[in-house]
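Before any comments, here is the structure.
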Amino acid sequence: MAVTVFLKKIGAIIAAVSAVILIAFTVYDGVFNKSASKDFFAMDTVISAKVTGKDSDLCVEKIEKLVTDLDGILSRHSKSSEVTALNNGVPDGMISDRLLGYLHTLIDISRKSGGAFDFTIGALSDLWSFGKNPKIPDGQDISAALTVSGYEKLSFEGNRVTKPDGMLIDFGATGKGIALDEIRTVLENSNAKSAVVSVGGSVLLYGSEKVTVGIREPYGNAGRSIASVDLNNTCVSTSGSYERCFDVNGKNYHHILDPETGYPVDNGLISVTVISESGVITDALSTACFVLGIEGGMNLAEEYGCEAVFITADKKIYATEKVSSEIRITDSDYTFMNYES
Ligand code: AMP
Ligand code: MG
């Protein structure tokens with residue numbers, strides 16, 4: 001996972017786990033401060049939920065159900081999901097209000113990012129096959145995948161979606177953030193006091209208690225951080241070129257693709273972390289800002305009122321104004337740079 005989270009309280013650790021643990025456990029700290037936590041696998045990643053509050057154990061169960069159900073809608077790797085049906089060409093192109101709502105949100109982000117974020121490049125991602133047998137695709141295949149991609153090629157008429165044959169919609173850059181936004185609603189409705197929920201590289205910090213969030217060391221141990229910041233009541237997402245990648249002749253090929261060229265983004269960045277109240281915005285913008293690079297990414301983060309931290313391959317750290325004053329560099333190999341727009 002790209003973001004490591006350290007609870008300040010008595011060494012409680014909600015960091016990513018390398019194995020899947022399907023056991024829930026409950027700790028009693030008085031009736032109203034009961035904590036429950038659970039790690040489970042969904043959305044192609046490990047999900048870790050820790051909730052404190054009167055009904056924390058029930059809340060953790062609800063979170064697991066919510067994420068599993070959401071995966072059943074958004075996953076394009078599940079045969080029975082609604083997105084798979086849409087990608088395969090649902091009869092009449094009719095989709096649910098829920099999926100329609102998500103698509104409209106993503107179209108807006110795609111537009112505002114000038115197409116740097118584009119959720120219609122599933123055919124292109126499949127060619128690179130980062131999840132299974134990654135390989136550099138044939139240039140002609142990349143061009144063909146690009147001709148069926150492009151969010152502007154989608155059209156809507158009520159709940160009816162029309163898309164080019166072969167276009168594959170991919171929630172890989174946003175499903176985790178969408179999950180966090182919906183988990184927040186579950187927490188509110190369950191009167192939870194506080195919670196830390198991590199879904200892959202995206203984390204929700206719920207409640208007023210400050211939590212120290214570390215940005216992971218890109219090249220080394222996922223548990224080591226190079227910088228940290230104390231946050232509450234927010235979401236944090238990181239996109240990094242060290243996730244889902246492979247090397248050919250010493251060159252790194254990774255899963256964040258430039259929708260214009262069809263190739264992995266190669267702009268000197270290795271990770272972008274975005275902080276915002278909205279999970280879907282942090283998740284989508286970490287990807288978009290990675291594609292846009294420092295200057296374009298800074299502008300997009302500002303447009304959305306988000307904070308962002310950019311880490312470069314030559315170990316420099318750039319950040320938006322507010323987070324610049326709060327971030328602590330914890331690895332002396334990295335240098336904080338003042339960004340002048
Ligand atoms: P993330 O780790 O949130 O940055 O998401 C990366 C995933 O989003 C990749 O594995 C692809 O499934 C998908 N993706 C890659 N490049 C883009 C892009 N430019 N816009 C939208 N989704 C992308
Ligand atoms: Mg993302």
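Whatever order the structure lists them in is the order used to number ligands and atoms, beginning at 1. FYI, side chains are in, hydrogens and waters are out, and symmetry mates aren't considered; it's all heavy atoms of this structure.
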**Request:** Fit a plane to each ring of Y263 and W128, take the angle between them on a 0 to 90° scale, and name the class: parallel (under 30°), tilted (30 to 60°) or perpendicular (over 60°).
**Result:** perpendicular
**Asked** Which of parallel (below 30°), tilted (30 to 60°) and perpendicular (above 60°) describes H104 and F156?
**Response**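 The rings of H104 and F156 sit tilted, inter-plane angle from 30° to 60°.
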**Request:** Run through ligand 1 for me and note each protein residue having a heavy atom under 4.0 Å from it, chain first, then residue number.
**Result:** A116, F117, D118, I121, S125, D170, G172, A173, S239, H255, I256, L257, P259, D283, T287, V291
For the residue pair [X] and [Y], what are the closest heavy atoms and their distance?
X    : Y    : value
H254 : V265 : NE2-O, 2.7 Å
D118 : T120 : OD1-OG1, 2.6 Å
V197 : I183 : CG1-CD1, 3.9 Å
F336 : S324 : CZ-OG, 3.4 Å

**Message:** Within 2.8 Å of the Mg ion (ligand 2), is there any N, O or S atom belonging to A173?
**Reply:** yes
**Item:** Quiz item: cation-pi between K251 and Y253, 6.0 Å / 45°
**Value:** yes
**Asked** Taking the Mg ion (ligand 2) as the vertex, what is the angle from OG1 of T287 to O of D283, given to 10 degrees?
**Response** 80°
